[in-house]
Every structure is written in C-alpha cells, then in structure tokens.
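Order of listing sets the numbers, starting from 1, for every ligand and every atom in it.
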Amino acid sequence: MTFKEEIKRRRTFGIVSHPDAGKTTLTEKFLLFGGAIHVAGAVKSNKIKKTATSDFMEIEKQRGISVATSVMGFEYDGYKVNILDTPGHQDFAEDTYRTLTAVDSVIIVIDAAKGVEAQTRKLMEVCRMRQTPVIVFVNKMDRPSRDPFEILDEIEEELKIEVRPLSWPIGNGPDFKGVYNLFDKSLYLFTPNKQTLEEGISLDVHSSQLSEEVGVSSAETLREELELVEGVYPDFDKNPYLEGKLAPVFFGSALNNFGVKELLQCFLEIAPPPRPSKAEERIVEPDEEKFSGFVFKIHANMDPNHRNRLAFVKICSGHFQRNTNYQHVRLGKQMKFSSPTAFMAEKKSIVEEAFPGDIIGIPDSGNFKIGDSLSEGSPLNFKGLPSFSPELFRYIENDDPMKSKQLAKGIDQLMDEGVAQLFVSQFNGRKIIGTVGALQFEVIQYRLLHEYGASCRYEPINLYKACWLETDDQGELQDFKRRKNQYMATDKSGRDVFLADSSYMLDMARENFKSIKFHFTSEF
Ligand code: G4P
C-alpha cells in the first residue's frame, strides 16, 4: 500500500457524551464489528462512578483502565479505525478537550429521553472551535423517548449546529419497531436482541411491504414524518458536514446493537481521513514526507516504583519509524524511540512504523509535556492545545519541610501531565492550583504522596476565573499589571494571567482597561 493510501484509509475519531448516554456501550459495539473484541463487556467503562468520587483506590483503578482504553485501533472493511476514548466524568473535562485536538471527527451520543445535556454542550463548543465534523447518534430508542423532531430541534438550538437526519425511528420504547435508513433507503426492524445483527430490507417507504413489516398505522406515521423530514431538512451534503456546520443524525440503541452498523458504515464513508494540522509556523499536510506529531496526553505509570510515563503522540504528517532520530522541538534535541507502542483494541504492542492519524505511545521518563511537538524536518510547534480557565482554585503548601524538593518535582510533573494548572502569584510567590473539578485536588494530593513521597495541604483562595491577556497597548498593560499586582500570576509557560476574584471585578477591569482583552483560554 502506498503512503497516501495508508493515510486515506485512516479514521481517527472520538466518541463523546454526557455520562450515561451510552458512549462505552457504543464503543464496545464498534470494537465487536472490528473483531477487535469478541464478547460484550470487554471494554470497561473508564468513567469514575458517581458513588466513588472520594475513593482513591477507585481513582487509581480507573486510571489503569483508562490507559488501556485510551486509544482503540482496529481494522474494518479496509479502514484503519482509531477510536480515542474520553473521560466522561466532568472533573476530567480538560483531558477530554485535549483529546479532541487529536481527532479528525467526532460522534456525539445523546440519550433519546434526556436530549442534550450539560456536558454535551461543552464538548460541542470545543468541536465548534476546531470545526470538527460531528455525527450525532440518538441512543436508547428502545426506551420511552422524546419526539424525534423535538430532539433534532434541541440539538440544533443547543449545540448550535444544523442537523440532517439520516435515519428515522419508527416508534420508541416498547413500541420501537426499527429505523428507516435514509442514507441507503432500507428498513431495519428492531428485535431486542443484544448480539445478532439485523439485516436491512431495501424498500421504498411508499411500497405496501412497509405496512406488512411494521403495521398500517406505523407505516402511515413513518410516511408522514419522512415527508416532513424531506420538506424541512435540505438533502444531505457532505461538505457542510466536513466543515463542521452540519451534523448527520442517526437513531438507534447501542445496547441492542441496533443502528450501530449503519452508523459505522456511514461514518467510514463520510468521515474525513487525517486533516491538515495547524502549527505556529504553517499548516502541515498529512501527506508531507517528513514526520511530525504532537503530545496530547501523558499517562503516568501506575507503579509508583517506576516513574515512567506514556506520552501519547498524534502523528500529523510523514512516516514514523522506530529507532529513528526526530527533533524534540521544545528541548531542541534529537531523540529516538526504541519502544513506541500502538494500540489495537485493548492491547498495546511495539510498532515499527505508524502513519498520520495514528496515535503512538512513547515511554517517557520526564522529557515530555502536553503540547510538545516532534519533527523530522524544520521545527514545528503545533497549536490548538489551549489551557482553559480552571473553575476551582486553591493554594498548595508544603506539609513536610524535609520533602520540599520532592513536592516541587511532583507538582511539576503532574502539571506536565495536565492533571491541573499551576499559577504562581506575582504578588506573594505562592503556588496556586487550578482545576476543573474538586476530584483533581484529591488526585494530586494522593499522587504526590504515593508517587513522590511528598505531602501537601491546600489553603482556600477565592477566585473566579483565570484570564489570559491580549492587547496592543503595552502602556495600558503595564498600568493594569501594576494596579492589579495582587491578582497577577504566571502560568506554566511564563505568561501573565489575571486571576479575577469575581465576575464583578472582571467586568470592572474590562470597563477600565478598554484595550485589554480578557480570554478564558490560553490560545486565541
Ligand atoms: P457512558 O459510557 O456514556 O457513561 O454510558 P454507558 O455506555 O456506560 O451506558 C450507560 C447505561 O446505559 C448502561 O447501563 C448501559 O447498559 C445503558 N445503555 C446504553 N445503551 C443503551 C440502549 O440503547 N438502551 C438501553 N435501554 N440502555 C442502554 P447501566 O445499568 O448504567 O450499566 P451496566 O451495568 O448495564 O453496564
């Protein structure tokens, strides 16, 4: 196979959802199709159960599971499919955002009874920022569900994206009879059977066969609804989908393996192969000869005696080869990797080569930070891994004066992994940890102790948001920094950050310093 064919057959995507909508179940069905697993239940959910929010061992166990299921690759119908898993728990939202920078498209799973939920909305914002193509799967149609038109309206309104149904449900809950697939014009009849695959019946909705299959009244309703669908929604066009402006929508039931195969087939047909990546220097095309890639995730070793980590690298261009020298751009040094791993289903194995779209794991003893770039040709710095303003802030203090070195090192490494964000106050030099959820504070404390032998304690600090500043007026910026000295901090890359203690304070700052833009993300 040629290099270009290798790239073209790759589909690297993420499945995202609000917890419990059915992401794990759908992932598992995909893997079953790919022959990557053979029994249902093989993929453990990496979600941290609600009841276990303070159970450290549970967190550790989950970390172990989530490294195994971080990336799942399989071959299907000539395609190389790479599914990137994202943590469902909202406290790990930042991790999910970063994973989304490494995918070329996304499938969003929505619960048919609940519709669009909070987490889905946030994730969609990230997709929109990056113009990621999105397909929606409305799941759990075997349960009493909301009206499909209502769900579509809600998706359009709440996720701010146009929709185009490509399948249509016939009833729901106990009356769920199946779906009509508008993409290949076939009827799929539902039997609540978890393992066998349904075969589509190719038929026109106006044929009498439809009434024979689903009954006269359901057939009538389907015809009416489809007429409305065709009237309301424009014909499906691949281009707006690829531009991230239009989401095709499928209905089904992941648990019953229903509607999943059609989703996968349509996905493979329309979803984009690896897309160009933005570097500070230029746009990088996947079929460029020279290898380049970036680190979007770092996973610490579970074994505290071996502090080795695994850096997840998304290949952006070129042909990656084992034991070949590549430049670690930030450190400005050549490195070669003797045991890069690929992820097939839930197994890891050493690979000799990899192509754009693939994710490889590189064992690392502390050389990598999230966002680091590797390149074979001229140095490239990939963009698109912004830090988002944390929601919660606390001072972190050393609780064991004998271990201050260990603490500093531990904090440093955990921040490189992206567990949380560290800010250093320019006013008093104290370290401030910012997180998305309360759970991270416990994870940090636990890991500092178990992996670095350092104890820390937290002290409260009342902050609302971290803002990165942008202005052309250096004079005003200096004035601002002087006046707000108490609230200025430095982030991990040495940039100025304004830590506002309330939305009122931020509004006032905006009012008084008109040339300064206050951003809630580090990239703008
Ligand atoms: P998540 O990864 O998005 O958090 O969701 P997950 O797949 O774990 O699914 C959440 C729950 O919803 C699971 O039940 C799962 O079995 C169920 N589910 C998924 N798809 C469907 C579907 O199409 N129909 C119905 N009726 N249920 C579905 P659970 O009881 O929470 O977990 P489990 O003990 O069954 O694993």
Exercise for the section: Give a yes/no verdict on a cation-pi contact between K465 and F520, requiring under 6.0 Å between NZ or CZ and the six-membered ring centre and an angle within 45° of the axis. Expected result: yes
Practice task
Taking the six-membered ring for Trp and the full ring for Phe, Tyr or His, determine whether the centres of Y458 and F441 are under 6.0 Å apart.
Solution key: yes
Exercise for the section: Identify the residue among F251, F250, F176 that makes a ring-ring contact (aromatic ring centres under 6.0 Å, His included) with F258. Expected result: F176
Problem - Minimum heavy-atom distance between D142 and S253, given as atom pair plus value - result: OD1-OG, 3.3 Å
Practice task
Classify the contact between N139 and ligand 1 as side chain, backbone, both or neither, using a heavy-atom distance cut-off of under 4.0 Å.
Solution key: side chain
Exercise for the section: Have a look at ligand 1 and work out which part of D20, if any, has a heavy atom under 4.0 Å from it: side chain, backbone, both or neither. Expected result: both
Practice task
Can you establish whether the number of heavy atoms outside E243 located under 6.0 Å from its atom CD is more than 12?
Solution key: yes
Exercise for the section: Compute the shortest N/O to N/O distance between G252 and ligand 1 and return yes if it is under 3.5 Å, no if not. Expected result: no
Practice task
Could you check which of E28, K140, K23, Q119 puts a non-hydrogen atom nearest to atom 12 (O) of ligand 1?
Solution key: K140
Practice task
Looking only at distances, please establish whether an N/O atom of ligand 1 is found under 3.5 Å from an N/O atom of T24.
Solution key: yes
Fill in the blank from the handout: For T25, the ligand 1 atoms with a heavy-atom partner under 4.0 Å come out as 6 (P), 7 (O), 9 (O), 15 (C), 19 (C)
Exercise for the section: Go through ligand 1 atom by atom and flag the ones less than 4.0 Å from a non-hydrogen atom of A254. Expected result: 23 (O)
Handout entry: Trace of the ring-ring contact (aromatic ring centres under 6.0 Å, His included) decision for F149 with W168
Key = CA-CA 10 Å; F149 284 108; W168 197 257; 4.8 Å; yes
Exercise for the section: Look only at interatomic distance and state if P19 has a nitrogen or oxygen under 3.5 Å from any nitrogen or oxygen of ligand 1. Expected result: no
Exercise for the section: Would you kindly specify which portion of S253 sits under 4.0 Å from ligand 1, judged on non-hydrogen atoms: side chain, backbone, both or neither? Expected result: both
Problem - Polar contact flag for G22 and ligand 1 (N/O pairs, less than 3.5 Å) - result: yes
Problem - Criterion salt bridge (charged side-chain N to carboxylate O under 4.0 Å, His left out) against D358, the qualifying member of K80, K314, R11 - result: K80
Practice task
With heavy atoms of S17 as the reference, note each atom of ligand 1 found under 4.0 Å away.
Solution key: 3 (O)
Exercise for the section: Using distance alone, with no hydrogens and no angle criterion, decide if E162 and Y233 have a side-chain donor and acceptor under 3.5 Å apart. Expected result: no
Exercise for the section: Would you mind listing which atoms of ligand 1 come within a distance below 4.0 Å of any non-hydrogen atom of L255? Expected result: 16 (O), 20 (N), 21 (C), 22 (C), 23 (O), 24 (N), 25 (C), 27 (N), 28 (C)
